[in-house]
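Here's the structure we're looking at; comments come further down.
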Amino acid sequence: MTDMTTVIAAVMKKGGAGKTSTIVPLAYLAAQAGARVALIDMDTTPSAQQWVQAAGLTSDRFVCDRVTADELEGLLTEIRASDTIDFVFIDTPPGDKHAIVQAMSESDLVLMPVHIGSGDLPQLVETYHLMKLPLRANPNLKHLIIVNHAGTMPAVTRDTIEAIQDGLPEAQVAQTAIPYSRQYALAKGTKPNVKWWHYDNLWREIQAVLA
Ligand SMILES: Nc1ncnc2c1ncn2[C@@H]1O[C@H](COP(=O)(O)OP(=O)(O)OP(=O)(O)O)[C@@H](O)[C@H]1O
Ligand SMILES: [Mg+2]
């Protein structure tokens, strides 16, 4: 096994937080910037894979596959051994603790999008604590909480970030919040581009966290 491949998973127990909306643009923008990327969909409703297919995103630098939680480790062992992929991005299903913990256990960085103002906090706290065992196995496991659907009301964004920091004092919250926008609401099935600059910014921030 080499450490050439970096694995990034989007997880959140709560449905509709923005896992798929975050991980697909990040994966695609990373490939557009020159990285060799594999996007892995662990959701039984494979909306990331459907997005990739609908928008025709695959290329020699961008592959997409779908696995169950129990197949993930084997696929990643193959990918790591092949030395042909720089970044693996994993989309996970909501509510499936086994899949979430499997994804966390294989990751270098866990992204946790939260739908701002939607009462996601208890689910975020629960998801955050699922990192306990994966962290014991990999003390270098990093995480970033991503405030999604932000921006329309700055006071709500600020209150959410404060509530996260009160509830989870050790948690890292990304500086880049993703605003609610019509463009992002209609993103699925379309080709991400650098004008989606929140995801572009987030990708830069992620690379700094991983450096
Ligand atoms: N920043 C945003 N602005 C506008 N709409 C958004 C934004 N983020 C996500 N959405 C919309 O919110 C809904 C849920 O997002 P998404 O499917 O990415 O969440 P998810 O966490 O992957 O959901 P699931 O748990 O069902 O897999 C989708 O309709 C998506 O288009
Ligand atoms: Mg999803």
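Order of listing sets the numbers, starting from 1, for every ligand and every atom in it. All of these numbers come straight from a predicted model, not from anything done at the bench.
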Notebook entry, point to check: For Ile178 and ligand 1, does the shortest N/O to N/O distance drop below 3.5 Å?
Noted result: no
Next item on the list: Please confirm whether Ser47 comes within less than 3.5 Å of ligand 1 when only nitrogen or oxygen atoms on both sides are compared.
Entry: no
Checklist line | Under 2.8 Å from the Mg ion (ligand 2), the protein N, O or S atoms, given as residue and atom | finding: Thr20 OG1
Next item on the list: Would you kindly specify which portion of Ala187 sits under 4.0 Å from ligand 1, judged on non-hydrogen atoms: side chain, backbone, both or neither?
Entry: neither
Notebook entry, point to check: Just wondering, do Leu141 and Ser107 contact through their side chains at under 4.5 Å, heavy atoms?
Noted result: yes
Note to self: Can you report which non-hydrogen protein atom sits closest to atom 23 (O) of ligand 1, along with the distance?
What the structure shows: Gly16 N, 3.0 Å
Check: ligand 1 versus Asn148, non-hydrogen atoms closer than 4.0 Å: side chain, backbone, both, neither?
Finding: side chain
Margin query: Quick check: do Leu72 and Ser105 have side-chain heavy atoms less than 4.5 Å from each other?
Written below: no
Notebook entry, point to check: Hey, is ligand 1 close enough to Asp91 that some N/O pair sits below 3.5 Å?
Noted result: no
Next item on the list: Return the residue, atom name and 0.1 Å-rounded distance of the protein heavy atom closest to atom 25 (O) of ligand 1.
Entry: Lys19 NZ, 2.8 Å
Checklist line | Nearest heavy-atom neighbours spanning Lys19 and Met12 | finding: NZ-O, 3.2 Å
Item checked: Heavy atom of the protein closest to atom 3 (N) of ligand 1 (residue, atom name, distance) -> Ser181 N, 3.1 Å
Next item on the list: To the nearest 0.5 Å, tell me how far Lys13 NZ sits from Leu124 CG.
Entry: 11.5 Å
Notebook entry, point to check: Is there side-chain contact between Thr22 and Leu202, with heavy atoms separated by less than 4.5 Å?
Noted result: yes
Notebook entry, point to check: Can you tell which of Leu75, Leu76, Ile90 makes a side chain to side chain contact (heavy atoms under 4.5 Å, CB included) with Val67?
Noted result: Leu75
Margin query: Within the protein, is there a heavy atom lying under 4.0 Å from atom 13 (C) of ligand 1?
Written below: no
Notebook entry, point to check: Hey, mind stepping through Tyr28 and Tyr199 against ring-ring contact (aromatic ring centres under 6.0 Å, His included) and telling me if it holds?
Noted result: CA-CA 10 Å; Tyr28 187 69; Tyr199 297 104; over 10 Å; no
Next item on the list: Flag the pair Leu109 / Thr6 as yes when at least one side-chain heavy-atom distance between them is below 4.5 Å, and no otherwise.
Entry: no
Notebook entry, point to check: What protein heavy atom sits nearest atom 10 (N) of ligand 1, and how far away is it?
Noted result: His149 NE2, 3.5 Å
Margin query: Under a 4.0 angstrom heavy-atom cut-off, which atoms of ligand 1 come close to Ala17?
Written below: 19 (O), 20 (P), 21 (O)
Next item on the list: Could you tell me whether Thr22 approaches ligand 1 through its side chain, its backbone, both or neither, with non-hydrogen atoms closer than 4.0 Å?
Entry: neither
Next item on the list: Ignoring hydrogens, just give me the one of Ser21, Ala10, Gly15 whose non-hydrogen atom is nearest atom 30 (C) of ligand 1.
Entry: Ser21
Notebook entry, point to check: Looking only at N/O atoms, are Thr20 and ligand 1 under 3.5 Å apart anywhere?
Noted result: yes
Note to self: Nearest 0.5 Å, please: how far is CG in Leu39 from CG in Asp91?
What the structure shows: 7.0 Å
Check: Tell me: protein heavy atom nearest atom 19 (O) of ligand 1, and distance?
Finding: Gly18 N, 3.0 Å
Check: Does some non-hydrogen atom of Met12 fall short of 4.0 Å from ligand 1?
Finding: no
Note to self: Can you tell me if Gln183 has over 12 outside heavy atoms packed within less than 6.0 Å of its CD?
What the structure shows: yes
Checklist line | Lys188 N/O under 3.5 Å from ligand 1 N/O | finding: yes
Item checked: Heavy-atom closest pair, residues Arg66 and Asp43 -> NE-O, 3.9 Å
Check: So Phe89 and Trp203, would you call those rings parallel, tilted or perpendicular, with 30° and 60° as cut-offs?
Finding: tilted
Next item on the list: Heavy-atom contacts with Pro179 under 4.0 Å: which atoms of ligand 1 show up? List them by number with element.
Entry: 1 (N), 2 (C), 3 (N)
Check: Of the non-hydrogen atoms in Ile178 and Ile146, which two are nearest, and what is the gap between them?
Finding: CG1-CG2, 3.9 Å
Notebook entry, point to check: Is there at least one protein heavy-atom neighbour under 4.0 Å from atom 27 (O) of ligand 1?
Noted result: yes
Notebook entry, point to check: For ligand 1, does Ala185 get within less than 4.0 Å through its side chain, its backbone, both, or neither, judged by non-hydrogen atoms?
Noted result: both
Next item on the list: Write down the atom of Trp51, the atom of Gly189, and the distance for their closest heavy-atom approach.
Entry: CD1-N, 3.0 Å
Check: Do the non-hydrogen side-chain atoms of Thr45 and Pro93 ever get within less than 4.5 Å of each other?
Finding: no
Next item on the list: Determine, stepwise, if the pair Val52 / Phe62 fulfils side-chain contact (heavy atoms from CB on, under 4.5 Å).
Entry: CA-CA 10 Å; Val52 166; Phe62 188 85; 3.8 Å; yes
Notebook entry, point to check: What atoms of ligand 1 come closer than 4.0 angstrom to any heavy atom of Asp43?
Noted result: 27 (O)
